[in-house]
Amino acid sequence: MRELKPILIDKYILAALQEDMTSGDITTDAILKDERAEVNLRAKDKGILAGLDVFKRVFEILDQEVAFEFYFSDGDEVNNKDLIGKISGRAKAILEGERTALNFLQRMSGIATYTKKMVDALDSDHVKILDTRKTTPNMRIFEKYAVTLGGGYNHRYNLSDGIMLKDNHIDAAGGIREAVEKVRRLNPFVKKIEVEVENFDQVREALEAKADIIMLDNMDIEEIKEACKIINKRAIIECSGNISLENINSYRDLDIDYISSGAITYSAGVLDLSMKNLKIY
């Protein structure tokens, strides 16, 4: 995801706000009317910022006159106690949107931060790190965007975006060759075909079927080296399965193109951020 436009994200933000305010904010409604306020956005940990536009959009939906002054941008590294920016507008809108806005920003920043750690641990000029579809329901557009800010790359966005023949597809079709032939017959030539393989016989079968991308699933380092020799540059090579922050560096010198990791989304925590020192004016 290169850009998060309102037309793409507003429905998700509205759903999150509706989840948090089924009948308004009964606490804020009791103590505020039309007062205006300013509040600071601060970091409480070190990490990569991701999602400032989403953070802003939450408040813009609640208050069209809200104003922002940011001192950092998406992709920047922040440290504990850094003042990221200031938000000013109707006090009620600021308090109503605070948790929803922070939830998006903290989650996205956590993913960007974890992705950056994975990229740094891999330390490779030629192997790219990809995300997967292992994302939080209804958060995919935000989480995949966050991956790119951490230096990672996006795999297919959804089931309509690319062809990937996994073990169950292959079993259902009766084999790799049969599966490739069926998807090739019904899909346009511009769509690459990726095949997931688990052993050397499947590697050879995928090559014979002229798969564009071969995913080496859950192979150890020595098996990957042998599979690369068999493929011999005749297909793009992706590795996946049990690749973590602790072992990813062992893949850096392999003759592969991509590593896909669900961990960069589902194992990422949040970056601790807060809105503090609200002042009514």
Side-chain angles (χ1 to χ4, degrees), residues 1-4 41-55 70-85 102 104-136 139-157 213 215-225 228 236-274:
M1 300 301 300
R2 296 182 180 273
E3 187 178 359
L4 297 179
L41 173 63
R42 287 192 179 273
K44 297 173 69 178
D45 199 359
K46 180 179 179 179
I48 306 298
L49 271 181
L52 284 175
D53 284 345
V54 181
F55 178 88
F70 288 132
Y71 311 119
F72 293 85
S73 302
D74 272 359
D76 287 348
E77 183 176 88
V78 295
N79 293 286
N80 184 27
K81 298 184 180 179
D82 277 348
L83 176 61
I84 298 169
L102 284 173
F104 279 113
L105 187 61
Q106 289 180 301
R107 174 65 178 155
M108 293 173 69
S109 297
I111 289 171
T113 300
Y114 193 81
T115 302
K116 181 66 162 54
K117 290 178 180 178
M118 291 280 277
V119 170
D120 289 347
L122 175 63
D123 188 26
S124 174
D125 292 329
H126 71 280
V127 183
K128 294 181 172 64
I129 296 178
L130 303 171
D131 55 25
T132 69
R133 286 169 44 245
K134 295 177 182 177
T135 54
T136 309
M139 281 288 289
R140 183 172 297 174
I141 190 170
F142 306 105
E143 293 180 353
K144 281 185 170 282
Y145 174 73
V147 165
T148 66
L149 293 174
Y153 294 80
N154 296 145
H155 206 296
R156 60 177 178 165
Y157 182 74
I213 308 164
M215 178 199 284
L216 308 178
D217 187 42
N218 284 302
M219 290 189 180
D220 62 32
I221 297 298
E222 293 307 313
E223 289 174 326
I224 292 171
K225 289 179 180 178
C228 288
I236 295 168
I237 301 175
E238 176 185 337
C239 291
S240 188
N242 299 313
I243 300 171
S244 66
L245 192 59
E246 290 69 34
N247 66 18
I248 195 170
N249 185 255
S250 59
Y251 293 77
R252 72 184 300 269
D253 295 322
L254 296 175
D255 194 17
I256 62 177
D257 302 288
Y258 297 99
I259 290 171
S260 55
S261 170
I264 59 177
T265 49
Y266 68 66
S267 291
V270 300
L271 183 65
D272 197 1
L273 307 166
S274 68

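Positions are given from 1, in the same order as the sequence printed here. Nothing here was measured: the structure is a model prediction, and the numbers come from that model. The analysis underlying the following values was restricted to heavy atoms, covering all of them including side chains, and did not include hydrogens, waters or symmetry mates.
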Novice: Answer whether the closest heavy-atom distance between the side chains of Asp255 and Ile237 falls below 4.5 Å.
Specialist: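 No; the side chains remain at least 4.5 Å from each other.
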
Novice: Keeping Thr148 on the side-chain end and Tyr145 on the backbone end, is there a donor-acceptor pair under 3.5 Å?
Specialist: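 It does hold such a pair.
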
Novice: Any sub-3.5 Å donor-acceptor pair from Ser240's side-chain atoms to Asp217's backbone N or O?
Specialist: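 No; judged by distance alone, with no hydrogens or angles, the pair does not exist.
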
Novice: Please check if the side chain of Asn80 supplies one atom and the backbone of Lys46 the other of a donor-acceptor pair under 3.5 Å.
Specialist: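 Here the side-chain-to-backbone pair does not exist.
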
Novice: Start with the C-alpha gap between Asn249 and Asp123, add the side-chain angles, then the distance that decides, and say whether side-chain hydrogen bond (donor to acceptor under 3.5 Å, both in side chains) holds.
Specialist: CA-CA 7 Å; Asn249 185 255; Asp123 188 26; 5.2 Å; no

Novice: Inspect the surroundings of CG in Asn79 and state if more than 12 heavy atoms from other residues, nucleotides or ligands are less than 6.0 Å away.
Specialist: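 Result for CG/Asn79: enclosed.
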
Novice: If you measure from CG on Asp82 to CG on Asp76, what distance do you get to the nearest 0.5 Å?
Specialist: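 Rounded to the nearest 0.5 Å, the CG-CG separation comes to 10.0 Å.
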
Novice: Does the Lys NZ or Arg CZ of Lys134 fall within the cation-pi geometry relative to Tyr266 - under 6.0 Å from the ring centre and within 45° of the axis?
Specialist: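 Judged by the rule, Lys134 and Tyr266 form no cation-pi pair.
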
Novice: Kindly check if the number of other-residue, nucleotide or ligand heavy atoms within 6.0 Å of OH (Tyr153) is above 12?
Specialist: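 Count not over threshold, so no.
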
Novice: Do any N or O atoms from the side chain of Ser260 and from the backbone of Asp131 form a donor-acceptor pair under 3.5 angstrom?
Specialist: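 Side chain of Ser260 to backbone of Asp131: no pair is present.
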
Novice: Could you state the interatomic distance from CD (Glu143) to OG1 (Thr136), rounded to the nearest 0.5 Å?
Specialist: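 That separation rounds to 3.5 Å.
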
Novice: Would you find a donor on one side and an acceptor on the other, under 3.5 Å apart, between the side chain of Arg42 and the backbone of Ser274?
Specialist: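 No; zero donor-acceptor contacts below 3.5 Å.
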
Novice: Would you find a donor on one side and an acceptor on the other, under 3.5 Å apart, between the side chain of Asn154 and the backbone of Lys144?
Specialist: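 Checked: pair present.
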
Novice: Are the side chains of Leu105 and Leu52 in touch, meaning some heavy atoms are under 4.5 Å apart?
Specialist: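 Answer yes - side chains close enough.
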
Novice: Please find the pair of heavy atoms, one from Ile243 and one from Ile248, that lie closest to each other, and give the distance.
Specialist: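 Ile243 and Ile248 have their closest heavy atoms at CG2-CG1, 3.8 Å.
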
Novice: Mind checking the CD1-OG spacing from Ile224 to Ser250? Nearest 0.5 Å is all I need.
Specialist: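 The distance works out to 8.0 Å.
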
Novice: Would you find a donor on one side and an acceptor on the other, under 3.5 Å apart, between the side chain of Asn247 and the backbone of Ser244?
Specialist: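 Indeed, once roles are kept as given, a pair shorter than 3.5 Å links the two residues.
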
Novice: Is there a side-chain contact between Val78 and Leu271, using heavy atoms and a 4.5 Å cut-off?
Specialist: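 Yes, close enough: below the 4.5 Å cut-off.
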
Novice: How close do Val127 and Ile256 get, heavy atom to heavy atom, and via which atoms?
Specialist: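 Shortest heavy-atom separation between Val127 and Ile256 comes out as CG2-O, 3.7 Å.
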
Novice: Is the backbone N or O of Ala268 less than 3.5 Å from a side-chain atom of Arg107, with the two atoms forming a donor-acceptor pair by type?
Specialist: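 Yes; at least one donor-acceptor contact below 3.5 Å.
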
Novice: Do the side chains of Lys225 and Leu254 get nearer than 4.5 Å, heavy atoms only?
Specialist: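 Yes - at least one pair of side-chain heavy atoms lies under 4.5 Å apart.
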
Novice: Do Leu102 and Leu273 have side-chain heavy atoms sitting under 4.5 Å apart?
Specialist: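 Yes, side chains in contact.
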
Novice: With the side chain counted from C-beta on, respond yes when Asp53 and Leu4 share a heavy-atom pair under 4.5 Å apart, and no when they do not.
Specialist: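 Side chain of Asp53 against side chain of Leu4, heavy atoms only: no contact under 4.5 Å found.
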
Novice: To the nearest 0.5 Å, how far apart are CD in Gln106 and CG in Leu49?
Specialist: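 The CD atom of Gln106 sits 11.0 Å away from the CG atom of Leu49.
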
Novice: Rounded to the nearest 0.5 Å, what's the gap from CZ on Arg133 to NE2 on His155? Could you check?
Specialist: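 With rounding to 0.5 Å, CZ (Arg133) is 10.0 Å from NE2 (His155).
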
Novice: Could you name each residue pair satisfying ring-ring contact (aromatic ring centres under 6.0 Å, His included) that touches residues 104-134, not counting sequence neighbours?
Specialist: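 Pairs touching residues 104-134 that pass the test: Phe104-Phe142.
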
Novice: Please report the closest heavy-atom contact between Asp74 and Gly51, naming both atoms and the distance.
Specialist: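 Looks like OD1-N, 3.0 Å.
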
Novice: Just how far is it from atom CD1 of Ile129 to atom CD1 of Ile264, taken to the nearest 0.5 Å?
Specialist: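 Ile129 CD1 to Ile264 CD1: 7.0 Å, rounded to 0.5 Å.
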
